[in-house]
Amino acid sequence: MSQPWLRNRNHLFALCNLRTDGRKASEIRRMRFQMGVVEQVAGSALVEMGLTAVLATVTGPTECLRRADELPDRAVLQVHFAAAPFCTADRKHVPTNDRRFLEAARLVQRALEASIFLHLYPRSLIQIHITILSEDGGRLCAAINAASCAVVHAGLAVKDIVCACAAGGVDPVLIDLNRREEIDNINMACAMLPQRGTIVLSQCEARLPSVEALDRVLETAMDGCRAVFAVMEAAIRENAALQWSSKRGKAIVALSETNVV
Amino acid sequence: MSSIRSLPHISIRNDTRTTSLVERSFVRQSALATPRALRTDGRSWNEGRPQRVQLLRSDNTAHATVQWGAGTRVTCSCTAQVIPPYPDRPQEGIVSLSVDASTSASTAFRNAPPVATTRADSTPGSNNSMIMDETQKAWTNRILRALERILLTGGALDSEALCITPDEWVWKLELNLVLLDAAGGNLMDASIYAAMAALRHYRKPCLEMTGGTPILVEAHIKEPTPLPLHHTPLALSFAIIAAEDAIKGSLTTTSFSANTDSPSLQMVALLDPTLQEELVADGSLITIAMNVHGEICLVDYAGGCEVEPVMFRTVCQTADQVLRLNLCPGLEQSLEEADVQALRERLQRLQLQQQREAQTHTKSTEMDWNTTESTTVTTATALDVVLDAAVEQAQVQAEEAYKRQALDYNKGHMPTAVRETSQQQVKQQANALLQSLLQSVTEEEPSAVQGTGSNEAVKDINAITEDVPLVHNEPTKVVPAPVQQANQTNDTEDDDEEDEPILLQSEFDSIETPNKDNKMITGRSNEKNQEDDEDDVDDLVDAIRKKKKSKKAKK
């Protein structure tokens with residue numbers, strides 16, 4: 001798992017106050033958004049944050065599978081979370097009702113419920129499927145980013161685009177932790193609506209020394225979310241421009257629709 | 001049951017977890033009222049409910065039952081065993097948590113297997129018969145995950161400290177939470193409180209390595225030790241209720257500044273929500289777990305409603321205050337009291353065991369009796385409190401038993417069967433007999449040394465109250481000193497009060513209570529002292545019959 005070339009450079013990084021992958025404390029990883037990767041569904045997005053890749057697809061709004069499930073005044077949002085067996089270094093098949101996945105699914109659902117105008121789609125069902133393709137830390141945040149991107153691609157009405165980012169460490173506070181930094185470190189995942197400035201998800205488990213430390217970490221996470229939003233917004237606009245121009249017959253088709261930062 | 005399985009799936013909407021529109025609008029509007037939030041139970045927005053915890057401890061387990069406010073009750077039990085570690089984590093102990101939503105907690109809970117963290121989960125045959133409600137599963141899962149994150153990921157419990165021999169033996173700690181009553185809402189806080197209380201109260205037994213296999217040593221041989229808990233985090237939850245326009249959102253809203261003191265969106269956070277407030281809240285609860293040092297151990301906000309950072313900060317600070325001032329000290333106090341109580345009971349048990357052992361090994365000589373007395377006397381100072389409490393308790397029970405018997409017309413005038421005294425007791429009586437005879441001769445009132453009849457009567461008086469030592473007629477010095485004093489004072493009282501003997505011979509259960517057992521044996525032995533020969537049983541029965549006949553003759 002450890003890469004020899006990186007291992008040799010760690011002490012160099014430490015000298016320059018860089019992290020193990022060469023980033024500064026306040027830099028997020030390279031992000032890449034691809035929208036419309038799956039054809040048959042209403043919306044889809046593939047998000048890469050560093051080496052973490054997550055695919056999300058949105059199906060809906062459709063009729064509820066069971067009439068008893070539907071709500072009369074708003075839509076039901078169902079999220080299904082799964083990880084591909086090849087997502088980690090050792091191949092392992094994790095069953096879909098693993099309690100961590102259940103929890104993650106619930107978190108993504110609640111985070112998106114804060115943003116989607118569910119009352120505009122009464123008695124219907126919106127399904128989001130999230131698949132982790134590659135895991136290198138920050139999978140919940142990547143999942144939320146992917147889901148929100150897919151929701152926008154599906155054309156659902158949203159208040160704002162949900163962006164998520166993780167922050168951690170006490171001093172200095174790091175943004176967007178990768179897998180090595182997540183272990184034994186404070187890791188606060190946070191999702192917000194960047195243009196409205198409100199938090200929709202906040203999860204942290206390791207010990208924070210005080211409420212002030214919580215504040216600091218939260219602030220840093222929110223900055224990270226805004227940085228993610230910058231990238232996501234650009235990707236969405238580009239995708240929208242592409243669709244618009246293809247509708248008018250003037251598209252410039254690239255072989256892959258990507259927005260690389 | 002098979003017929004139910006073959007029906008198409010019918011999902012019945014639960015009425016306990018849905019609220020009517022009127023209820024919903026009432027609770028929400030009153031919560032959003034300015035200047036003060038109005039809650040249905042009269043609390044203010046940052047006021048929690050009182051809680052009470054009941055702690056029990058026995059040899060390898062600890063139980064904590066938390067009553068949170070009026071409607072929520074959770075119990076947690078903690079136990080441990082020694083097993084080989086998981087192969088991929090040879091240096092770490094295993095903590096297995098499980099949360100069981102009992103169907104007695106709420107009609108919304110279906111019968112489902114507990115959500116657990118053990119790896120070997122599936123039991124054959126359990127898969128097909130359970131209809132697992134998604135909401136219920138998500139709920140119990142949330143509690144389970146929060147607990148797991150607080151304990152393991154957050155580092156409250158050091159799993160490496162649970163390792164005994166790396167690669168060979170580790171402790172497996174099992175924490176089982178059962179949600180007993182969900183009508184009050186806020187199961188999350190109650191569950192975490194119960195789990196922490198059980199963990200703190202639990203004592204790990206000592207180990208004895210016999211031939212490479214560790215064996216748990218019982219608590220009375222070697223003192224068990226507490227768990228390696230670094231700190232005790234407790235949780236508080238807030239329900240978020242936002243104004244309608246904040247949810248529906250106005251599309252022309254401009255961005256909010258994160259630094260204003262008052263939130264622009266109208267919303268309120270209610271500490272420790274009741275079930276109603278939980279159900280009508282937007283989004284999930286904000287749960288914040290902190291320990292007494294002010295360190296935040298868990299922040300869990302699953303979303304569902306947008307929260308401004310200002311509000312978030314306020315919530316955290318409120319949680320900080322309330323936790324440190326109310327919750328943590330409350331738990332510490334309950335734990336201390338329970339600890340003292342457990343220590344007391346343990347001393348009692350030890351003392352009782354000592355005495356029992358002394359009595360079984362006693363030959364019919366005074367020497368042994370004296371040794372017993374000396375051992376008990378040396379520890380008398382430590383046990384005074386214990387014994388006083390025991391004596392009081394015995395008195396109360398004796399009175400109640402007497403009342404019960406006196407009012408029972410069926411048994412009122414019939415002698416109850418006398419238990420066959422065992423050989424051991426006969427020997428005891430012999431021992432005690434020698435001692436007490438010496439003393440009773442010197443100190444006793446002449447009335448006590450009369451003929452058989454009055455002796456029987458006196459004995460019967462003694463026999464009424466089931467706790468024999470209280471009713472001794474003669475002072476008995478053979479028993480440990482403090483008990484004796486109590487007996488003496490009571491004896492004289494009883495003696496004065498009773499005019500006519502009542503022909504009740506009570507059952508002497510030597511297994512009633514441990515502390516009573518001690519006195520019962522000595523009491524019985526004292527009772528028999530009045531007889532000159534050792535065939536007490538038969539004589540007693542005869543005497544009772546005689547007495548009964550005489551009494552009936554009178555009537």
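What you see is a predicted model, and the numbers here were worked out from it, not measured in a lab.
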**Message:** As an exercise: rank B/Pro233, B/Cys297, B/Ala146 by heavy-atom pairs under 4.5 Å with chain A and give me the winner.
**Reply:**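 Heavy-atom pairs under 4.5 Å are most numerous for B/Cys297.
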Which bit of [X] is near chain A, if near means a heavy-atom gap under 4.5 Å: side chain, backbone, both or neither?
X        : result
B/Ile286 : neither
B/Arg149 : both
B/Asp300 : both

**Request:** Output the option from A/Ile199, A/Leu201, A/Leu107 having the highest count of non-hydrogen pairs under 4.5 Å with chain B.
**Result:**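 Going by pairs under 4.5 Å, I would pick A/Ile199.
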**Message:** If we define contacts as heavy-atom pairs under 4.5 Å, which of A/Met188, A/Arg100, A/Arg106 has the most with chain B?
**Reply:**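 Top count of heavy-atom pairs under 4.5 Å with chain B: A/Arg100.
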[X] atom [atom1], neighbour heavy-atom count above 12 within 6.0 Å:
X        : atom1 : answer
B/Leu325 : CG    : yes
A/Arg123 : CZ    : no
B/Glu23  : CD    : yes

**Item:** Donor-acceptor contact below 3.5 Å, side chain A/Ser115 vs main chain A/Asp160
**Value:**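 Flag set: sc A/Ser115 to bb A/Asp160 pair under 3.5 Å.
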**Prompt:** Under 3.5 Å, is there a donor-acceptor pair between the side chain of A/Asn178 and the main chain of A/Gly137?
**Reply:**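 Flag not set: sc A/Asn178 to bb A/Gly137 has no pair under 3.5 Å.
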**Message:** Looking at every heavy atom in both B/Ser237 and B/Thr287, which two are closest together, and how far apart are they?
**Reply:**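 Scanning both residues completely, I find the closest heavy atoms to be OG-OG1, 3.1 Å.
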Region of [X] that comes under 4.5 Å of a non-hydrogen atom in chain B:
X        : result
A/Met192 : neither
A/Leu218 : side chain
A/Leu193 : side chain

**Asked** In chain order, what residues pass the salt bridge (charged side-chain N to carboxylate O under 4.0 Å, His left out) check against A/Arg74, with sequence neighbours excluded?
**Response**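 By the salt bridge (charged side-chain N to carboxylate O under 4.0 Å, His left out) rule, A/Arg74 matches A/Glu113.
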